[in-house]
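Here's the structure we're looking at; comments come further down.
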There are 2 protein chains.
Amino acid sequence: MLRSQLHVQVRDHILELTHQRKLQAGDQLPSEAELSQAIGVSRNTIREALMTLERDGMVVRRHGIGTFITPVPQHLRTSLHQVLPIPELIASSGFEPHIKNLKIAVAQAPSEAYEILQATSNDPLLSISLLYLADKRPAIHVTYWLIPSLNIQPSDWNTFDGHMINFVERLMPLRIHHTVARIFAVTATKQLADTLKVKRSSPLLKMVHTAYTADGQPIYCSTSYQDSDLLEVTVVRQRK
Amino acid sequence: MLRSQLHVQVRDHILELTHQRKLQAGDQLPSEAELSQAIGVSRNTIREALMTLERDGMVVRRHGIGTFITPVPQHLRTSLHQVLPIPELIASSGFEPHIKNLKIAVAQAPSEAYEILQATSNDPLLSISLLYLADKRPAIHVTYWLIPSLNIQPSDWNTFDGHMINFVERLMPLRIHHTVARIFAVTATKQLADTLKVKRSSPLLKMVHTAYTADGQPIYCSTSYQDSDLLEVTVVRQRK
DNA sequence: TACCATTTGTGCGTATGTATT
DNA sequence: GAATACATACGCACAAATGGT
């Protein structure tokens with residue numbers, strides 16, 4: 001295993017400085033030329049690192065002035081442009097994540113799942129339902145549906161740790177490239193209200209997630225329900 | 001006025017090809033070297049263009065294979081990482097956007113608005129409420145609150161066309177750098193139900209948007225309500 | 001106003017590494 | 001192994017934006 005690319009090392013170096021609070025929100029970084037000389041890599045490499053940091057919203061670069069640590073609350077940084085597994089999402093909201101309830105089945109799925117996964121509508125789909133807890137309170141109820149061709153064995157589920165992306169990538173030679181989330185407001189059914197421990201017919205946030213490879217092939221989709229007052233959904237969008 | 005930068009021209013050139021359907025979802029682009037020679041710019045410039053296209057989710061680049069048009073439905077492209085004004089959002093969902101109802105006031109605002117805008121809590125804030133229509137159906141009800149220091153004159157409102165970002169940037173020498181949206185599910189109040197023409201106590205999607213400059217200074221915030229079945233909210237998140 | 005130093009932005013050329021077929 | 005294509009990295013020159021003299 002080679003050590004990682006230079007610009008990633010530079011990136012990590014700068015992130016490390018922010019974690020050590022040597023660089024704080026709003027602070028100006030040394031100029032590209034200074035960083036280049038101090039670290040001993042070319043200015044282009046510095047620029048590459050700064051560009052990825054900017055893409056991910058960690059720094060703001062201003063022509064003719066300099067590069068600054070983005071003044072955005074720390075907890076938002078994690079959710080900028082990334083796909084965040086639910087346990088990490090819960091953790092980044094300041095709660096202790098747990099997974100409580102698993103139900104695995106190979107069964108007929110809602111027709112919507114077949115459409116999304118481009119599967120023939122009579123194949124039974126592997127599905128798994130779970131309840132993510134935040135500080136032992138029910139927070140998100142999720143049901144995943146996986147495309148049939150994955151061929152996952154029952155024993156594989158022992159290795160499932162709540163990160164669906166990691167799970168399928170560890171088992172299969174594929175890579176999730178992006179996810180699409182569609183967001184709705186719904187009213188809690190009796191069953192959902194019981195599961196999530198909210199009042200009957202409270203409003204819930206429903207999200208339909210689909211994970212795709214770079215080819216655009218759907219790998220799995222999920223439907224999740226959550227109390228949006230307990231666990232906020234935040235989307236940071238950059239311009240340009 | 002100078003012509004734009006080379007890599008932007010290259011980017012636009014490629015986008016133009018996709019609009020003309022000469023390049024479609026999933027198609028492979030010519031190699032960097034070919035593009036470089038065909039267009040007559042250096043390979044670095046091609047790479048710069050391809051990188052911004054990748055950042056915005058329009059293409060997928062695969063090491064050792066090539067660059068491909070991202071196979072994502074066209075209507076999602078617009079919402080990838082951008083901040084989209086509501087009228088354009090409605091248009092990209094296939095509806096005709098209209099703005100119906102404006103109510104402008106300088107008044108006390110909810111305490112949340114003062115917190116978000118970091119304003120002293122007794123100043124009256126300029127607020128504007130409007131109803132965005134999609135094909136003449138009420139779609140989104142929004143109330144904006146602007147920071148006091150903008151000093152907008154009543155006459156300025158004549159130039160307001162429903163794009164709040166454009167509006168404030170045209171009037172003031174500032175630039176909105178990013179927005180943060182917090183998303184909730186709520187139950188329609190009687191008033192909201194009437195305005196949006198939905199049943200009493202239907203579930204509605206509530207979004208609290210805040211627009212910031214690169215300094216992290218909030219410029220305005222808004223609260224919006226919408227029927228998520230009429231107008232879906234979609235978030236595409238990329239990995240890496 | 002004009003000019004300057006600083007800093008990021010753009011663009012070119014080149015060489016080499018790495019992944020895929 | 002060879003061919004192809006993208007990835008990384010270096011060095012250089014000049015443009016453009018900003019802030020101060």
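Lettering of chains follows the sequences in order, A, B, ..., and the numbering in each one begins at 1. The figures that follow rest on heavy atoms only: side chains count, while hydrogens, waters and symmetry mates do not.
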Original post:
From A:Met207 CE over to A:Ile86 CD1, what is the distance, rounded to the nearest 0.5 angstrom?
Top reply: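 So the gap between those two atoms works out to 7.0 Å.
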Original post:
Can you tell me how far SG of B:Cys221 sits from CD1 of B:Ile219, rounded to the nearest 0.5 angstrom?
Top reply: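 The distance works out to 11.5 Å.
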Nearest whole angstrom, please: distance from the [atom2] of [N] to the [atom1] of [X].
X: A:Glu48; N: C:dT10; atom1: CD; atom2: P; result: 14 Å
X: B:Arg62; N: D:dA7; atom1: CZ; atom2: P; result: 12 Å
X: B:Leu29; N: D:dC6; atom1: CG; atom2: C1'; result: 13 Å
X: B:Gln28; N: C:dT21; atom1: CD; atom2: P; result: 11 Å
X: A:Leu6; N: D:dG11; atom1: CG; atom2: P; result: 11 Å
X: B:Met51; N: D:dA9; atom1: CE; atom2: P; result: 12 Å
X: B:Ile46; N: D:dC6; atom1: CD1; atom2: C1'; result: 13 Å
X: A:Ile65; N: D:dT18; atom1: CD1; atom2: P; result: 6 Å

Choose from [options] the nucleotide whose nearest atom is closest to any side-chain atom of [X].
X: A:Ser42; options: C:dT8, D:dC6, D:dG11; value: D:dG11
X: A:Arg43; options: D:dA5, D:dC10, C:dG9; value: C:dG9
X: B:Thr45; options: C:dG11, D:dA9, D:dA7; value: C:dG11
X: B:His63; options: D:dT8, C:dC12, D:dA5; value: D:dA5

Original post:
How do B:Pro30 and B:Asn44 order along DNA chain D: which one's closest nucleotide is nearer the 5' end?
Top reply: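 Taking each residue's closest nucleotide, the earlier one in sequence belongs to B:Pro30.
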Subject >> Pairwise 5' ranking along DNA chain D for A:Gly64 and B:Arg61, keeping only the more 5' one >> reply: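 It is B:Arg61, whose closest nucleotide lies nearer the 5' terminus.
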Original post:
Could you go step by step and tell me if B:Tyr114 and B:Trp145 meet the ring pair (Phe, Tyr, Trp, His ring centres under 6.0 Å) rule?
Top reply: CA-CA 9 Å; B:Tyr114 290 99; B:Trp145 286 282; 9.0 Å; no
**OP:** Would you tell me if any nitrogen or oxygen in the side chain of B:Arg47 comes within less than 4.0 Å of OP1 or OP2 on D:dA7?
**Re:**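 The answer is yes; a side-chain N or O of B:Arg47 sits under 4.0 Å from OP1 or OP2.
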**OP:** Verify the contact: side-chain N or O of A:Thr67 to OP1 or OP2 of C:dT7, cut-off strictly under 4.0 Å; return yes or no.
**Re:**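 Looking at the OP1 and OP2 atoms of C:dT7, neither is under 4.0 Å from any side-chain N or O of A:Thr67.
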Original post:
Is the side chain of A:Glu32 donor-acceptor paired with the backbone N or O of A:Arg47 at a distance under 3.5 Å, no angle test?
Top reply: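 No; zero donor-acceptor contacts below 3.5 Å.
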Original post:
Is the shortest distance from a Lys or Arg side-chain nitrogen in B:Glu54 or A:Arg55 to a carboxylate oxygen in the other one below 4.0 Å?
Top reply: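 No salt bridge links B:Glu54 with A:Arg55.
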